[in-house]
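Some notes on the structure that comes next.
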Amino acid sequence: MLMKQIEGILREAVCRADLVKIIFSSPRRKSQPCRIVTVRPVFLRSKSGYQAEYHYTDHATHENMSENRLFGLTAELLRNDFKQLNILAESGDVQILANNPDNPRIVKKAANRGPAPQSHNQEKKYLIPNNAPCDFLTRLGVMDEHGKVFQKHYSKFRQINRFLEIVEDVRPFLPASSPLRIIDFGCGKSYLTFALYHYFTAVQGMDAEITGLDLKEDVIRFCSETAKSLGYAGLKFLTGDIASFRHESADMVVSLHACDTATDFSLVKAVEWNAKVVLSVPCCQHELFSQVASPLDNAWLKHGILKDKFTELLTDGLRGLALEACGYDVSMVEFTPLEHTSKNIMIRAVRGIENHGRAKAAKEEYQRLKSYWNVSPAIDALVVDR
């Protein structure tokens with residue numbers, strides 16, 4: 001009976017051609033390697049079809065499928081692997097909570113989004129679209145009052161939407177209860193902080209409390225005035241240092257281009273607060289440049305440009321292992337194309353189901369890597385005595 005209900009809901013969306021995305025989340029088993037599955041409509045060799053993306057701890061795989069396969073996969077995943085299903089369509093959303101697959105709770109609500117992209121031949125559809133006025137983008141000078149993005153700011157517009165795509169992928173891991181508490185460390189002029197607030201409140205209809213922190217008083221003053229003029233009551237900005245910042249809790253911690261060890265301080269804070277999601281794009285990783293030493297590798301480490309690039313990767317690799325040792329599922333994802341900035345690696349960490357075996361292994365891997373390269377990074381604070 002359940003599967004017929006779900007298939008009926010899916011068939012309605014397929015027939016209307018307004019299906020945006022399907023999300024399977026809340027794994028039924030702690031040991032389950034696949035943590036989330038998303039399905040989107042696509043064109044396959046000029047024919048309509050679907051693509052499923054299976055998200056694992058450190059990688060993702062894809063499967064292209066027909067309409068019939070979509071129905072079969074939905075039934076299979078919901079009954080055997082996942083307890084929650086979200087069907088997102090232009091005309092409305094359906095959430096299915098199926099702790100007991102034979103007695104699910106089905107919740108329907110209105111949607112607030114545009115259609116999903118289907119083909120590389122079509123103009124890309126963004127979560128914040130071009131040619132549609134968006135208050136904070138107009139106020140920050142990215143688009144005009146009619147919603148047209150200024151050409152000189154189009155790379156910033158794409159970056160904002162890329163960031164929101166990543167946020168949308170991790171949204172199922174965030175608590176559904178309100179308000180959602182988010183801290184953005186090193187927020188700068190806060191394009192992405194404003195985008196976060198807009199996404200959760202205007203697009204998702206959630207109650208959110210977001211705090212942006214930065215050392216520059218003039219920038220914080222500008223952002224505070226902008227938030228007030230936009231009526232963003234749940235968005236505030238503070239002047240301060242990450243290392244000394246105090247807060248009760250956070251569901252999500254963001255640090256984009258926090259310099260050098262400021263990134264480490266933000267990750268330590270996130271773990272202290274037991275944040276469900278951490279999104280961090282490190283910058284200026286200089287800490288290990290003067291520390292790293294290996295007799296075998298000194299032959300090529302003598303080249304400063306190679307040593308600099310290598311120590312950046314080593315720093316982020318150690319950060320990822322430290323987060324895994326604390327119980328997070330970690331992946332490294334491309335944030336922006338390399339032609340825009342070389343600082344394009346994002347550390348995406350999601351609080352996982354308790355796995356002492358994996359955490360212990362990550363800690364051992366961390367210690368071996370640290371010992372081999374003779375380094376003592378700031379992120380040690382997450383691993384020592386754990």
Side-chain angles (χ1 to χ4, degrees), residues 56-60 166 170 185-186 241-243 253-272 275 277-352 355 357-386:
Y56 296 86
T57 299
D58 55 358
H59 70 285
I166 295 171
V170 299
F185 286 125
D241 178 73
I242 297 174
V253 171
V254 177
S255 62
L256 306 179
H257 300 134
C259 280
D260 205 15
T261 55
T263 292
D264 302 289
F265 296 140
S266 71
L267 298 179
V268 171
K269 296 288 185 184
V271 174
E272 287 178 356
V277 172
V278 182
L279 300 177
S280 178
V281 179
C283 182
C284 307
Q285 299 98 312
H286 299 311
E287 183 191 23
L288 300 189
F289 187 87
S290 60
Q291 296 184 28
V292 66
S294 168
L296 181 64
D297 296 284
N298 284 339
W300 62 271
L301 286 175
K302 67 184 180 182
H303 301 290
I305 189 171
L306 297 181
K307 186 177 181 181
D308 185 54
K309 290 181 180 296
F310 171 71
T311 51
E312 285 186 4
L313 297 174
L314 177 61
T315 301
D316 289 342
L318 288 167
R319 286 166 172 163
L321 284 171
L323 287 168
E324 288 182 11
C326 295
Y328 283 83
D329 294 333
V330 177
S331 55
M332 305 284 174
V333 300
E334 182 183 79
F335 176 44
T336 55
L338 276 170
E339 60 263 27
H340 296 308
T341 174
S342 60
K343 312 298 183 182
N344 74 326
I345 295 177
M346 173 181 280
I347 301 173
R348 181 177 64 187
V350 174
R351 172 64 76 181
N355 187 336
R358 176 57 198 143
K360 181 181 178 182
K363 181 177 180 179
E364 292 172 352
E365 290 164 355
Y366 174 91
Q367 297 292 0
R368 285 197 298 270
L369 192 59
K370 191 181 83 161
S371 175
Y372 178 82
W373 290 107
N374 295 296
V375 295
S376 296
I379 203 64
D380 253 359
L382 286 185
V383 184
V384 174
D385 298 327
R386 179 168 289 276

*Nearest-0.5 Å distance, NZ of residue K363 to CD of residue E324*: 14.5 Å
*asked:* Can you pull out every salt bridge (charged side-chain N to carboxylate O under 4.0 Å, His left out) where at least one residue sits in residues 291-302? Sequence neighbours excluded, please.
replied: none
*With distance as the sole test, does T263 use its side chain to make a donor-acceptor pair with the main-chain N or O of A258 at under 3.5 Å?*
yes
_Smallest separation among heavy atoms of A293 and N374, with atom names_ = O-ND2, 2.9 Å
*Starting from the C-alpha separation in whole Å, work towards a yes-or-no answer on side-chain contact (heavy atoms from CB on, under 4.5 Å) for D241 and F265.*
CA-CA 10 Å; D241 178 73; F265 296 140; 5.6 Å; no
*Q285 versus T311: any side-chain heavy-atom pair under 4.5 Å?*
no
*Of L382, V271, V350, V277, which meets side-chain contact (heavy atoms from CB on, under 4.5 Å) against Y328?*
V271
*Roughly how far, to the nearest 0.5 Å, is OG of S331 from CE of M346?*
10.0 Å
*Got Q367 and V383 here, is their nearest side-chain heavy-atom distance under 4.5 Å?*
yes
*Does any N or O in the side chain of D308 come within less than 3.5 Å of the main-chain N or O of F289, such that one atom is a donor and the other an acceptor?*
no
*Do L313 and I345 come close enough that some side-chain heavy atom pair is under 4.5 Å?*
yes
*Among D380, T315, L288, L369, find the one that has a side-chain contact (heavy atoms from CB on, under 4.5 Å) with V375.*
L288
*asked:* Once rounded to the nearest 0.5 Å, what's the spacing between atom NZ of K309 and atom NE2 of H303?
replied: 14.5 Å
*Can you list the residues that meet the side-chain hydrogen bond (donor to acceptor under 3.5 Å, both in side chains) rule with S255, with sequence neighbours excluded?*
S266, S280
*Roughly how far, to the nearest 0.5 Å, is CG of L314 from NZ of K307?*
11.5 Å
*Atom OH in Y366, atom CG in L321: separation rounded to 0.5 Å?*
9.0 Å
*Minimum heavy-atom separation for E334 to I166, with atom names?*
O-CD1, 4.4 Å
*How far apart are the closest heavy atoms of C259 and C284, and which atoms are they?*
SG-SG, 3.8 Å
*Under 4.5 Å between any side-chain heavy atoms of F310 and W300, yes or no?*
yes
*Check whether any side-chain heavy atom of E272 lies under 4.5 Å from a side-chain heavy atom of V268, and answer yes or no.*
yes
*In Å, rounded to the nearest 0.5 Å, how long is the span from CZ of F335 to CD1 of I347?*
13.0 Å
*So which heavy atom on R319 is nearest to which on P282, and how close?*
NH1-CB, 3.2 Å
*Please report the shortest heavy-atom distance between I242 and K269, naming the atom on each side.*
O-CE, 3.3 Å
_For a quick test of reading the model, state the closest non-hydrogen atom pair linking L318 to P377 and the distance between them._
CD1-CG, 4.0 Å
